[in-house]
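Read the structure below first, then the notes.
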Amino acid sequence: MTARFNPLEADAHWQKVWEERGTFHTSDSSGRPKTYVLEMFPYPSGRIHMGHVRNYTMGDVLARYRRMNGFEVLHPMGWDAFGMPAENAAMEKKVHPGAWTRSNIATMRGQLKRLGFALDWSREFATCDPEYYGHEQALFLDLLEAGLVYRKQSEVNWDPVDMTVLANEQVIDGKGWRSGAAVERRKLSQWFLKITDFAEELLEGLGELDQWPDKVRLMQENWIGKSQGMRFRFALEQPIGGHRDLEVFTTRPDTIFGASFAAVAADHPIALTLAEGNEALVAFIAECKAGGTTAAELETAEKKGFETGLRVVHPLDPNWTLPLYVANFVLMDYGTGAVFGVPAHDQRDFEFATKYRLPIRRVVAPAIEDADLPIGGEAETGPGVIVNSRFLDGLDVEAAKAAVIARAEAESWGEGTIVWRLRDWGVSRQRYWGTPIPVIHCESCGPVGVPKDQLPVLLPEDVSFDIPGNPLDRHPSWNSAICPRCGAPGRRETDTLDTFVDSSWYFIRFASQPTDKPFDRAIAESWLPVNQYIGGVEHAILHLLYARFWTRALKRIGLLDIEEPFRGLFTQGMVTHETFRAPDGRWLSPDEVEQKGGTWIESATGQPAQPGRVEKMSKSKRNTVDPEPIVNQYGADAVRWFMLSDSPPERDLPWSEAGIEGAWRFVQRLWRMSMQRAEDGDEAEGEDKALDRKLHQTIASVGANIESLAFNKAVANIYELANAIEKAPVSRSRAKAIETLVLLIAPMVPHLAEQAWATLGGKGLIADARWPEADPALLVEDEVTIAIQVNGKLRDTLTVPKGSARETLQEMALASERVVRILEGKPPRKVIVVPDRLVNLVA
RNA sequence: GCGGACGUGGCGAAACCGGUAGACGCAGCAGACUUAAAAUCUGUUUUCCGAAAGGGAGUGCGGGUUCGAGUCCCGCCGUCCGCACCA
């Protein structure tokens, strides 16, 4: 009996061979067709988790498959290495963020290599390498020069105890997540990228991304949020503090005659002007700002307003004035920060008007004669005919919109316009562990870009996190600099770039990494766009949108002629696991519980344990499984196989002990099969047509399923073939089937495949072998089983030669014993024959 | 509230364009091999009636279109995801 497959030896051996031979080094100039397979690079948090294993296994299968199909495959790996966790670790464990990050990278690199991924490690980099972020600084300066970067005051969440800026996710119930101190809002001058300049093309571009999930395209579309409408001005009855009119935005200019009030946001300039010396208004504004922004709070938040006493003049009737409110539901950063209210046809306005007893006037009705129909308990937002609206009466909604815009433009009190939900991208972060923004602030010249020959602006190493705040701010020397323009002493910008900037162009740097510039244009263009990008849905909006923007910005400034960075996108599901809780609410790890007599108990205490839902692996729920010991126990191939099996890749994959054991058993079974082939030698004789067919059908379907990333189906195809081979008697066909099976599994379980390939006398490495070709002649069956139905119910089946004539099928169906019995001798009223499929007899 | 996806055995799931529902895997059950266990192999496994032959029901629920519906249409219910006072 042959020995078992020993994954520990085989994994190490073949990984060494691949590395020594440079098997996965990608050539820029091989002449083979190029393809770029990329998985989202990891943040070096410490250790690889199962989600990484799944993500990188999928990409690896595709990369290896494409290699076997003759492609030069770019399949790189690197590290998204800047970010807050490194600073948190620095504060907690007194280690330097850089040292922490690099040690994590070393660990995780080893863990990834242990899985045998076909990666070109020679292209590896971390975004915290000065060689990387220095080029990023150069690109930032190019964008600055092109006018795509600007500076403006913006509010941040400020933690007064930690003296630091908090991201929105770090603010919990209005308090800093770490300090617990009440968070303040502070205005800081910050850098912004003009992503809104690209709103239209980013939206349009989505239309061409036919290899992206619809869901992601829709999410981006909603995020960009294009609204067509009209901007127009109400005259203020009396000017106040230099304000003569109030500009509002609406998507419903057709309802202009239904207006009952106007309202501005709490931080609107008019509100702020009025607040001077008005304590009640100051208090109201403060109240608006204090309001929470969580979903639940907004859901129930009452519409509140402060009547200013000012009145605005209706643009279509100088004798018609409306009260002006400051209202808590008006947002300063959308549209113009001011609205006019039409209670009959907008739900918020309806609630507001009800509360403040403002008129609710119908201006849209089901029909022209319904003009006096009362408005019920809620606003009517649907289509209809315009009524009570003077020159608009009788028009439909769309026509009325056009008519109002035309009139406003003619009389120049307003104009048709488009408003976007998308805001410019604030990239300043008041943190140490990020790319320094390459700017020097000079008293006389203002902010000046650091000259490119002085790049990179290196992060200083000698920093401490003993005191709260950004260590760059208080660094004794780093932050003083000479103004590159006038030579006067200036101050270095101490903000660093959002880490999303780092991940907005890393895929370009993977394609080409010269030392003297961010990338070589021709080489980058030869690889881009990425043919298949794979990662989690959590990046569906921000990362993917920013990368699309960055790529287009590079095109606009003439650095790269690529519009869309990712041709194909696939968002994979999470790896989930069971959860358990003790009676006192503690989360229990699945290793800490066992099943006894149908109920779960905590092994250590014997206390009952409550099984919860199967959820995403997370430390807080204590349901994580560390891949490393699993890989060491079962080998890389079994883990890879399990990651691909059963669940469709876009759906969640429930981790289970039984699942990984099943994968292990199958790996061993594949091994036994190939060893049996080796023992049988070349003596086997005879053809097995049925097995030949099965083999070629499997070749075709496994290939198609890998191409469409339906790995679970490819896995099922392979199981079927393996079952068929084991049932088949020894023959030349069977020998060939086993040899081919080894090729088919090579992308998925590469170590086993190499070992089997070598044992069976394959030439070179299986990683370099050609994917087998399916013989079209063998893809079609010569016999088919057709269904015999009576009234659509299956009653019998017939096995007939493929392509049998309709008449023959009908005759055979009518002759079937069961059919005869059911029809009781009566002829059918109607017969439907679908050749090679079925006969349906209608009684 | 708006937008979207999904609902198939005990479980993960298949089912191309409307044509034999449940491929494949997991778990279970029965058996073989073994002193025993592990490993391996064989059979079985949607459900109900029946000893069997056979028959009924069945893809969240209710309708509809069709010779025929998991698949198409209408209306519900449920779960999950995204956005959210967006004018």
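The sequence lines fix the lettering, A, B, ..., with proteins before strands; numbering per chain opens at 1. As the structure is a prediction and not an experimental result, all values here were calculated from the model.
With B:G19, B:G54, B:A23 as the choices, the nucleotide that has an atom nearest any side-chain atom of A:Arg821 turns out to be B:G54. Set against B:G19, B:A87, B:U20, the side chain of A:Leu838 has B:G19 as its closest nucleotide. Comparing B:C85, B:A87, B:A14 against the side chain of A:Asn328 picks out B:C85 as the nearest. Listed nucleotides: B:A57, B:A87, B:C67. Nearest to the side chain of A:Ile832: B:C67. You'll find that the side chain of A:Trp223 is closest to B:A84, out of B:A14, B:A84, B:C41. Which of B:C83, B:C81, B:A87 sits closest to the side chain of A:Lys215 comes down to B:C81. Checking B:C67, B:U20, B:A87 against the side-chain heavy atoms of A:Val842 singles out B:C67 as nearest. In this structure, of B:A13, B:A87, B:C41, it is B:A87 that holds the atom nearest to the side chain of A:Leu331. Checking B:U40, B:C24, B:C26 against the side-chain heavy atoms of A:Ala716 singles out B:C24 as nearest. Of the candidate nucleotides B:A27, B:C80, B:A14, B:C80 has the atom lying nearest to any side-chain atom of A:Arg613.
A:Asn840 pairs in a side-chain contact (heavy atoms from CB on, under 4.5 Å) with only one of the listed residues (A:Ile832, A:Val831, A:Val833), which is A:Ile832.
With hydrogens and angles ignored, a donor-acceptor pair closer than 3.5 Å exists between the side chain of A:Lys303 and the base of B:C85.
Rounded to whole Å, atom P of B:G12 lies 19 Å from atom CD of A:Glu657. One can place CD1 of A:Ile541 at 15 Å from P of B:G4, the figure rounded to the nearest angstrom. Rounded to whole Å, atom P of B:G12 lies 18 Å from atom CH2 of A:Trp655. Here the C1' atom of nucleotide B:G22 and the CG atom of A:Leu794 are 14 Å apart, to the nearest Å. In this structure, A:Asn705 places its CG atom 12 Å from P of B:C16, rounding to the nearest Å. Straight-line distance from the CH2 atom of A:Trp212 to the C1' atom of B:G82: 15 Å, rounded to whole Å. With rounding to whole Å, A:Phe666 atom CZ is found 18 Å from B:A27 atom C1'. Spacing between atom CD1 of A:Ile788 and atom C1' of B:G19 amounts to 12 Å, rounded to whole angstrom units.
Using a 4.0 Å heavy-atom distance criterion, A:Asp346 is classed as making no nucleic acid contact. Looking at heavy-atom distances under 4.0 Å, A:Arg231 makes no contact with the nucleic acid at all.
For the pair A:Lys793 and B:U20, the criterion of a side-chain N or O lying under 4.0 Å from OP1 or OP2 is not met. Look at A:Arg665 and you'll find a side-chain N or O under 4.0 angstrom from OP1 or OP2 of B:A27. Between B:A87 and A:Ser227, a contact under 4.0 Å exists linking OP1 or OP2 to a side-chain N or O. A close approach under 4.0 Å does not occur between any side-chain nitrogen or oxygen of A:Tyr719 and OP1 or OP2 of B:G25. In this structure, A:Arg837 does not reach the B:G18 phosphate: none of its side-chain N or O atoms is under 4.0 Å from OP1 or OP2. Proximity of A:Arg651 to the phosphate of B:A13: a side-chain N or O atom is located under 4.0 Å from OP1 or OP2. Residue A:Asn723 has a polar side-chain atom (N or O) positioned under 4.0 Å from OP1 or OP2 of B:G25. For A:Asn712, a side-chain nitrogen or oxygen approaches OP1 or OP2 of B:A14 to under 4.0 Å. Proximity of A:Lys713 to the phosphate of B:A23: no side-chain N or O atom is located under 4.0 Å from OP1 or OP2. Checking the phosphate oxygens (OP1, OP2) of B:G56, a side-chain nitrogen or oxygen of A:Arg795 falls inside 4.0 Å. At B:A87, none of the side-chain N or O atoms of A:Arg421 fall inside 4.0 Å of OP1 or OP2 (strictly under the cut-off).
Base pairing of B:C16 is not made with any nucleotide, judged by Watson-Crick or G-U wobble geometry with both donor-acceptor distances under 3.5 Å. The partner of B:G31, taking Watson-Crick or G-U wobble pairs whose two distances both stay under 3.5 Å, is B:C41. Under the Watson-Crick and G-U wobble criteria, each requiring two contacts below 3.5 Å, nucleotide B:A5 is paired to B:U79. If you check B:G68 for Watson-Crick or wobble pairing at under 3.5 angstrom, you find it has no partner at all. B:U46 and B:A57 make up a base pair, with Watson-Crick or G-U wobble contacts both under 3.5 Å.
For the C1' atoms, the distance linking B:G12 with B:G68 amounts to 30 Å, nearest Å. Here, B:G78 and B:G62 have their C1' atoms 15 Å apart, quoted to the whole Å. The same atom, P, is picked in B:A53 and in B:U44; the two are 13 Å apart, to the nearest Å. For the C1' atom pair drawn from B:A13 and B:C26, the interatomic distance equals 11 Å after rounding to whole Å. The same atom, P, is picked in B:C77 and in B:C24; the two are 39 Å apart, to the nearest Å. Nucleotides B:U66 and B:U8 place their C1' atoms 22 Å apart, quoted to the nearest Å. The C1' atoms of B:G58 and B:G70 are separated by 11 Å, rounded to the nearest whole Å.
Side-chain polar atoms of A:Asn222 and A:Arg217 form no donor-acceptor pair below 3.5 angstrom.
A donor-acceptor pair under 3.5 Å is formed between the side chain of A:Asn328 and the backbone N or O of A:Lys304. Under the 3.5 Å distance criterion, the side-chain polar atoms of A:Ser708 are matched with a main-chain donor or acceptor of A:Ala704.
Here A:Lys694 pairs with A:Glu720 in a salt bridge; the nearest charged N to carboxylate O distance falls below 4.0 Å. A salt bridge is absent between A:Arg252 and A:Asp346; no separation between the charged side-chain nitrogens and carboxylate oxygens falls under 4.0 Å. Using a 4.0 Å cut-off between charged side-chain N and carboxylate O, A:Lys226 and A:Glu221 make no salt bridge. Under 4.0 Å is where a charged nitrogen must lie from a carboxylate oxygen, and between A:Glu351 and A:Lys303 at least one such pair does. A salt bridge links A:Arg233 to A:Glu415: at least one charged side-chain nitrogen sits closer than 4.0 Å to a carboxylate oxygen.
If A:Val834 and A:Gly662 are placed on RNA chain B by their nearest nucleotide, the residue sitting closer to the 5' end is A:Val834. For the pair A:Arg348 and A:Gln789, nearest-nucleotide mapping onto RNA chain B gives the more 5' position to A:Gln789.
B:C48 adopts an anti glycosidic conformation, its chi angle falling more than 90° from 0. Anti is the classification of B:G22, since its glycosidic angle lies more than 90° from 0.
Classification of the A:Phe232-A:Trp413 ring pair by plane angle, with boundaries at 30° and 60°, yields perpendicular.
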